[in-house]
Asks: 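Pasting a structure below so you can have a look.
Letters A, B, ... are given to chains in the order of the sequence lines, protein chains preceding strands, and every chain is numbered from 1. Keep in mind that this is a model prediction, so the values were computed, not measured.
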Number of protein chains: 2
Amino acid sequence: MMDEVILFLLKRGAHREPLETTTIEIADALRISQQTASRRLILLEKEGMVRRVGRLISITERGLKEVESLYAALGAALEKKMRFRFHGRVTSGTRDGRYYLSLKKYKEQIKEKMGFAPYPGTLNIRVPPDEINLRLLLRGKKGELIEGFGIGERTFGRIICYRCRLNGIDGALVFPERSHHGLDVMEVVAPVNLRKKLSLKEGDAVVCDVD
Amino acid sequence: MMDEVILFLLKRGAHREPLETTTIEIADALRISQQTASRRLILLEKEGMVRRVGRLISITERGLKEVESLYAALGAALEKKMRFRFHGRVTSGTRDGRYYLSLKKYKEQIKEKMGFAPYPGTLNIRVPPDEINLRLLLRGKKGELIEGFGIGERTFGRIICYRCRLNGIDGALVFPERSHHGLDVMEVVAPVNLRKKLSLKEGDAVVCDVD
DNA sequence: ATTACTAATTCACGAGTAA
DNA sequence: TTTACTCGTGAATTAGTAA
């Protein structure tokens with residue numbers, strides 16, 4: 001099956017170029033003994049999954065295919081009907097959202113791509129750490145692209161949007177390419193003032209479903 | 001780590017709706033004993049990964065998150081710079097490719113999206129079975145979309161293109177949404193007659209790299 | 001039919017250590 | 001420093017079987 005060691009090597013890019021590492025390093029990362037790391041490497045080599053030259057380790061075509069095959073299998077199963085549901089808590093935004101959404105260029109594109117004129121203000125929600133992977137998965141999908149532009153000296157970056165429903169109200173998750181937020185904070189826009197409409201205050205729990 | 005049992009359940013859609021199965025079925029599929037299947041299920045249940053009601057098994061939110069997390073990790077590692085390299089053999093196409101590429105609507109869009117006017121004719125290549133996963137992975141990426149259209153009674157479907165190099169010559173892999181081919185056959189278009197330019201004949205090996 | 005217990009066995013692990 | 005061997009221990013597996 002899917003060996004943890006090959007996953008470690010993969011994360012370190014051993015499928016692109018030979019990786020210089022030691023059995024101790026692998027052991028520490030995976031919380032196994034050096035001996036086990038050594039043994040498992042030998043096994044992987046015997047199975048033709050990796051190739052070792054001195055301290056250099058690289059994942060073979062065969063090994064890569066194995067991983068890709070697992071990845072494809074997971075993808076096929078997961079994406080058949082993946083529900084992207086985020087459980088967030090309202091968090092104070094900077095005033096930036098309001099400013100950006102007041103810009104005609106953004107406003108018009110959102111209207112066109114998402115089908116509604118955004119209320120000038122974003123609702124920021126903080127999702128639990130275990131939903132960050134879900135966010136990354138979502139970002140792997142193609143959303144609607146809002147093009148960037150320049151006004152005088154300033155330039156405004158691109159934004160990717162995904163239609164969503166926040167506590168039942170249609171809106172969009174927006175991911176500015178240049179974001180100030182960490183991966184646990186997401187911004188939602190909607191045709192209405194979400195905070196008011198839903199009587200939300202700091203820390204309130206919300207559910208955000210992406211289509 | 002990634003338990004084979006949960007992967008089995010996932011493939012059978014237990015994350016979408018409860019799956020009716022037996023420990024014997026699981027054991028057979030995974031080539032383990034019925035006893036081991038039973039024990040592992042009990043363990044997964046204890047860990048909160050699956051829920052069991054009689055013979056119905058479903059993957060919990062928790063379990064799904066675990067899998068998604070692995071999927072995201074694999075994706076992040078693989079897609080960092082995934083080389084899509086196909087090893088194909090030239091296979092005879094139907095004459096269809098030539099016909100489609102003679103249609104102005106397709107021709108002009110390819111010119112616009114891919115940056116070259118396609119030679120009217122596709123090179124069909126057959127890839128080995130173990131590269132079909134790679135093909136599926138590629139199709140998961142966004143390529144250039146060639147819109148479909150209608151002429152009188154007939155309608156012509158959409159085509160997805162990916163820029164590629166076949167034996168060093170720039171071209172594009174084209175995937176008509178309505179294809180007559182199996183998953184092991186792919187079509188390549190290029191600004192030149194690939195068959196002639198590369199002196200290819202039936203069964204010749206070619207390498208096709210996608211950017 | 002099933003599932004899952006107990007007991008026997010195999011196999012993977014880490015400690016110690018040589019090279 | 002490494003890596004990888006041997007070996008004792010314990011965990012995981014299978015066989016047999018009860019419910």
Side-chain angles (χ1 to χ4, degrees), chain A residues 1-64 66-67 69-70 73-74, chain B residues 1-64 66-67 69-70 73-74:
Chain A
M1 240 310 289
M2 190 53 205
D3 191 88
E4 293 164 286
V5 173
I6 212 168
L7 196 60
F8 170 85
L9 297 173
L10 194 75
K11 280 182 186 161
R12 304 281 299 262
H15 57 308
R16 284 176 280 124
E17 53 178 354
L19 169 70
E20 183 158 10
T21 185
T22 68
T23 51
I24 294 176
E25 201 174 14
I26 298 174
D28 285 349
L30 303 182
R31 296 154 180 281
I32 57 179
S33 70
Q34 175 272 323
Q35 292 86 341
T36 297
S38 169
R39 190 166 25 77
R40 299 241 281 236
L41 267 180
I42 292 169
L43 201 67
L44 282 173
E45 195 174 13
K46 221 180 268 170
E47 290 169 336
M49 300 298 181
V50 306
R51 192 170 297 119
R52 303 171 74 189
V53 182
R55 237 148 266 176
L56 288 176
I57 308 179
S58 57
I59 296 176
T60 62
E61 283 292 321
R62 173 111 188 283
L64 191 55
E66 200 75 9
V67 177
S69 148
L70 171 66
L74 283 178
Chain B
M1 241 308 291
M2 190 53 206
D3 190 270
E4 292 163 286
V5 174
I6 212 167
L7 195 61
F8 169 87
L9 297 173
L10 193 76
K11 279 181 185 161
R12 305 281 299 264
H15 57 306
R16 283 177 281 122
E17 52 179 355
L19 169 70
E20 183 157 11
T21 185
T22 68
T23 52
I24 294 176
E25 202 175 12
I26 298 173
D28 286 348
L30 303 182
R31 295 156 180 281
I32 57 179
S33 70
Q34 175 272 322
Q35 292 85 342
T36 297
S38 169
R39 190 170 25 78
R40 299 241 283 236
L41 267 180
I42 293 170
L43 201 66
L44 282 173
E45 196 173 12
K46 223 180 266 172
E47 290 169 336
M49 301 297 182
V50 306
R51 191 170 298 116
R52 303 171 74 188
V53 182
R55 238 149 262 176
L56 289 176
I57 308 179
S58 56
I59 296 176
T60 61
E61 283 291 322
R62 174 108 189 285
L64 192 55
E66 200 75 9
V67 177
S69 149
L70 171 66
L74 284 178

Asks: Output all residues satisfying side-chain contact (heavy atoms from CB on, under 4.5 Å) with A:Arg52, sequence neighbours left out; order by chain, then residue number.
Replies: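 With neighbours one apart ignored, the set is A:Thr23, A:Leu41, A:Ile42, A:Glu45, A:Val50, A:Ile57.
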Asks: Please round to the nearest 0.5 Å and tell me the distance separating atom CD of B:Glu66 and atom CG of B:Asp3.
Replies: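 The CD atom of B:Glu66 sits 10.5 Å away from the CG atom of B:Asp3.
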Asks: With each end axis built from five pairs of C1' atoms, what bend angle do you get for the helix from C:dT2-D:dA19 to C:dA19-D:dT2? Round to 10°.
Replies: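 Taking five pairs per end, the axes differ by 40°.
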Asks: Would you mind reporting whether A:Leu10 and A:Leu64 have side-chain heavy atoms less than 4.5 Å apart?
Replies: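 They are in contact (side-chain heavy atoms under 4.5 Å apart), so the answer is yes.
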Asks: Using side-chain contact (heavy atoms from CB on, under 4.5 Å) as the criterion, list what pairs up with B:Thr36, not counting sequence neighbours.
Replies: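 side-chain contact (heavy atoms from CB on, under 4.5 Å) check on B:Thr36 returns B:Ile32, B:Ser33, B:Arg39, B:Arg40.
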Asks: Measure the distance from CD on A:Glu25 to C1' on D:dT2 and round it to the nearest whole Å.
Replies: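 Interatomic distance, CD of A:Glu25 to C1' of D:dT2: 13 Å.
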Asks: Just how far is it from atom CG of B:Leu9 to atom CD1 of B:Ile26, taken to the nearest 0.5 Å?
Replies: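 It comes to 5.5 Å.
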Asks: I need the residues from residues 27-40 of chain A with at least one non-hydrogen atom less than 4.0 Å from DNA chain C; give them sorted by number, or say none.
Replies: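 Hits under 4.0 Å, by residue number: A:Ile32, A:Ser33, A:Gln35, A:Thr36, A:Arg39, A:Arg40.
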Asks: Could you pull out all residues at least two apart from B:Glu47 that satisfy salt bridge (charged side-chain N to carboxylate O under 4.0 Å, His left out)?
Replies: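 In terms of salt bridge (charged side-chain N to carboxylate O under 4.0 Å, His left out), with neighbours along the sequence ignored, B:Glu47 is linked to no residue.
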Asks: Yes or no on side-chain contact (heavy atoms from CB on, under 4.5 Å) for B:Leu7 and B:Leu30, after CA distance, side-chain angles and deciding distance?
Replies: CA-CA 10 Å; B:Leu7 195 61; B:Leu30 303 182; over 6 Å; no
Asks: Nearest 0.5 Å please: distance from the CD atom of A:Glu61 over to the CZ atom of A:Arg51.
Replies: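 Taking CD in A:Glu61 and CZ in A:Arg51, the distance rounds to 8.5 Å.
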Asks: Whole angstroms only, please: what is the CD-P distance between B:Glu4 and D:dA12?
Replies: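 In whole Å, D:dA12 P and B:Glu4 CD are 14 Å from each other.
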Asks: In whole Å, what is the span from the CZ atom of A:Arg55 to the P atom of D:dT1?
Replies: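 About 12 Å, once rounded to whole Å.
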Asks: Mind jotting down which residue pairs meet the salt bridge (charged side-chain N to carboxylate O under 4.0 Å, His left out) criterion with at least one end in residues 20-29 of chain B? Sequence neighbours excluded, please.
Replies: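 As it turns out, the salt bridge (charged side-chain N to carboxylate O under 4.0 Å, His left out) pairs with a partner in residues 20-29 of chain B, which skip direct neighbours, are B:Arg12-B:Glu25.
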Asks: What is the distance, rounded to the nearest whole Å, between atom CG of A:Leu56 and atom C1' of D:dT3?
Replies: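 In whole Å, D:dT3 C1' lies 15 Å from A:Leu56 CG.
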Asks: Write down the atom of A:Lys11, the atom of B:Ala73, and the distance for their closest heavy-atom approach.
Replies: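 Looking at all heavy atoms of both residues, the shortest contact is CE-CB, 4.1 Å.
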Asks: I'd like the 5' and 3' limits of the part of DNA chain C contacted by chain B, with heavy-atom contacts below 4.0 Å.
Replies: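 The protein-touched segment is C:dT2 to C:dC5.
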Asks: If you round to the nearest 0.5 Å, how far is CD1 of B:Ile59 from CZ of B:Arg16?
Replies: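 Answer rounded to 0.5 Å: 10.0 Å.
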Asks: Rounded to whole angstrom units, what separation is found between the CG atom of B:Asp3 and the C1' atom of D:dA12?
Replies: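 In whole Å, D:dA12 C1' lies 13 Å from B:Asp3 CG.
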